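First comes the structure, then the notes that go with it.
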Amino acid sequence: MRYTLPEEFHVFGFAKDLLDWYDAQKRDLPWRINRDPYRVWVSEIMLQQTRVDTVKPYYANFMEKFPTVQALAEASEEDVLKAWEGLGYYSRVRNLQAAAREVQERYGGVVPKTPEEIRTLKGVGPYTAGAILSIAYEKPEPAVDGNVMRVFSRLLYLTDDIAKPATRIKIEHLVRQVIPEGRAGDFNQALMELGAMVCSPRSPQCLTCPVFDYCIARREGVQEELPNKGKAKPPRPVHLQVALIVRDGAVMINKRPEQGLLAGMWEFPMVETDVESEAAKRELVTQQMNERFGVEVEVQERIGEVQHTFSHLQWNMQVWLCDWISGDELPPTARFAAVEELDDYTFPVAHHKIRPMLDKK
DNA sequence: GACGCGTGGGT
DNA sequence: TACCCAAGCGT
């Protein structure tokens with residue numbers, strides 16, 4: 001694979017025109033107030049696969065609760081997870097806290113300044129490492145995200161599939177050759193800003209683009225055809241029966257395993273089923289609640305259906321109201337919680353749709 | 001290299 | 001509606 005820029009590409013002019021535009025047009029974002037490495041770090045983790053407008057309120061709350069590496073390192077995992085509730089990709093915040101503890105203990109609370117060291121931190125991959133090093137420390141490292149791959153695909157008419165890891169490596173080599181002396185952080189941010197505000201996935205605003213003159217795809221009229229991106233598989237359907245087991249104004253909840261999907265979050269107990277008859281579902285719920293949680297229940301009525309789609313799964317949930325009959329020896333992951341106290345627990349969004357059904361009861 | 005991992009907004 | 005997309009990382 002070739003990692004060299006086309007001869008006719010004017011590196012200096014491109015960087016200058018892009019930076020002039022960025023200096024004049026950049027958005028006021030809360031993580032751009034200063035270049036504190038911890039603030040940059042938290043923002044980059046939150047922004048992974050997540051939109052700016054979604055992140056803003058979470059960022060403000062998170063920085064208020066955990067303003068320093070030390071504060072995050074010393075916080076309880078429940079408090080940290082609660083502050084992330086609703087943002088998605090929860091392993092991000094578990095890794096972030098583990099890394100904060102690592103920075104506190106091993107680096108005296110100072111975020112490392114070399115690619116080798118910072119890459120050892122949990123949750124810090126090639127993009128995040130480059131972003132922190134360039135923005136906080138002005139190191140000439142590339143920070144290649146989806147925006148940058150789209151911009152460069154068009155700018156240089158690259159037809160490589162950006163879904164493949166090898167393409168990111170290639171674009172990192174190319175970006176490295178364009179980063180201007182002394183302004184690595186702004187340059188990387190400018191590329192992303194351009195991708196977000198001008199060089200959008202669909203209907204790019206080429207007529208107002210500050211680097212229109214440098215763009216090969218635009219010159220050839222193929223900007224709408226790029227980048228080349230492989231198609232994702234559709235989510236796999238899963239059928240689930242949800243049991244709302246009520247006992248004196250309390251409802252049973254269960255903590256998910258510490259690994260895998262929605263790790264460590266609370267949920268109402270669920271049973272996976274094939275699509276079957278109503279009677280079979282009732283029977284299965286009764287049997288499974290007994291086997292897994294040691295409680296005898298009487299399934300009352302079906303009080304609702306909820307559908308929730310993940311990137312790779314589609315949960316089709318049918319919700320059953322159940323009476324607790326007997327059984328006090330719950331496994332350590334399960335408990336009965338008063339309805340008013342449910343807000344103290346972290347639930348996935350899929351279960352937020354179930355919660356209102358309890359209040360109606 | 002392929003897959004698992006959330007959620008919300010846009011067209 | 002049914003897609004697509006969004007400042008990726010770990011395994």
Side-chain angles (χ1 to χ4, degrees), chain A residues 26-27 29-32 39-59 81 84-96 98-99 118-132 134-135 142-151 160-169 171-172 175 185 187-197 199-204 224 227 229-236 238 256-265 267 307-315 346-353:
Chain A
K26 68 180 174 189
R27 292 169 288 179
L29 299 173
W31 42 90
R32 287 180 177 164
R39 290 179 59 87
V40 173
W41 181 16
V42 171
S43 76
E44 291 303 340
I45 300 298
M46 281 195 177
L47 285 162
Q48 289 170 5
Q49 301 289 284
T50 310
R51 303 180 118 75
V52 165
D53 285 342
T54 304
V55 164
K56 280 181 182 172
Y58 282 93
Y59 184 76
L81 194 57
W84 208 269
E85 183 179 15
L87 251 191
Y89 287 128
Y90 299 94
S91 66
R92 288 185 297 176
V93 74
R94 302 155 69 83
N95 289 335
L96 176 61
I118 203 166
R119 277 298 310 272
T120 66
L121 299 176
K122 285 188 177 176
V124 178
Y127 163 76
T128 305
I132 297 172
S134 63
I135 297 170
V144 175
D145 70 338
N147 284 311
V148 177
M149 288 200 282
R150 182 172 61 257
V151 168
D160 310 74
D161 182 354
I162 64 168
K164 295 188 182 304
T167 304
R168 195 207 72 236
I169 305 278
I171 294 178
E172 282 172 351
V175 170
F187 181 76
N188 282 335
Q189 292 189 83
L191 283 176
M192 294 187 275
E193 192 88 349
L194 187 74
M197 306 304 291
C199 196
S200 42
R202 280 170 295 195
S203 310
E224 301 264 14
K229 185 174 183 182
K231 295 214 191 307
K233 289 194 316 187
R236 173 173 63 87
V238 178
R256 296 179 62 90
E258 298 298 334
Q259 298 276 326
L261 179 66
L262 302 169
M265 301 184 78
E267 67 182 5
Q307 187 177 90
H308 185 80
T309 305
F310 301 82
S311 354
H312 56 303
L313 293 177
Q314 176 178 297
W315 277 4
T346 306
F347 285 88
V349 166
H351 283 250
H352 290 173
K353 301 168 186 171

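Computed from a predicted model, the values in this text were never measured in an experiment. First the proteins, then the strands, lettered A, B, ... as listed; each starts at 1.
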When you match A:P201 and A:G125 each to their closest nucleotide on DNA chain C, which lands nearer the 5' end?
A:P201
Closest-nucleotide ordering on DNA chain C, the 5'-leading residue of A:L121 and A:S43:
A:S43
Please indicate whether A:R236 has more than 12 foreign heavy atoms, meaning atoms of other residues, nucleotides or ligands, lying under 6.0 Å from its CZ.
no
To the nearest Å, how far apart are [X] [atom1] and [N] [atom2]?
| X | N | atom1 | atom2 | answer |
| --- | --- | --- | --- | --- |
| A:Q314 | B:dG4 | CD | P | 16 Å |
| A:L96 | C:dG8 | CG | C1' | 14 Å |
| A:E224 | C:dC5 | CD | P | 12 Å |
| A:R94 | C:dG10 | CZ | P | 14 Å |
| A:E193 | C:dA6 | CD | P | 14 Å |
| A:I162 | C:dG8 | CD1 | P | 11 Å |
| A:N95 | C:dG10 | CG | P | 6 Å |
| A:L313 | B:dC3 | CG | P | 14 Å |

Is the phosphate of C:dA6 approached by A:R150 (side-chain N or O, under 4.0 Å from OP1 or OP2)?
yes
Identify, with sequence neighbours excluded, every residue that meets ring-ring contact (aromatic ring centres under 6.0 Å, His included) alongside A:F187.
none
Each nucleotide of nucleotides 6-11 of chain B classed B (base within 4.0 Å of a protein heavy atom), S (only sugar-phosphate) or -, in 5' to 3' order, makes BBB---
Could you tell me whether the side chain of [X] and the main chain of [Y] form a donor-acceptor pair under 3.5 Å?
| X | Y | result |
| --- | --- | --- |
| A:K56 | A:P30 | no |
| A:R256 | A:L261 | yes |
| A:R92 | A:G123 | no |
| A:Y58 | A:E85 | yes |

Determine the minimum heavy-atom distance between A:S203 and A:S200, stating which atoms define it.
O-OG, 3.4 Å
Just checking [X]: base, sugar-phosphate only, or nothing, at a heavy-atom cut-off of under 4.0 Å?
| X | value |
| --- | --- |
| A:W315 | nothing |
| A:V55 | nothing |
| A:L191 | nothing |
| A:R236 | nothing |
| A:R256 | nothing |

Using atom P in both nucleotides, what's the gap between B:dG6 and C:dC3 to the nearest angstrom?
22 Å
Rounding to the closest angstrom, what is the interatomic distance between B:dC5 and C:dA6 at atom P?
23 Å
Pairing donors with acceptors under 3.5 angstrom, does anything connect the side chains of A:Q48 and A:Y127?
no
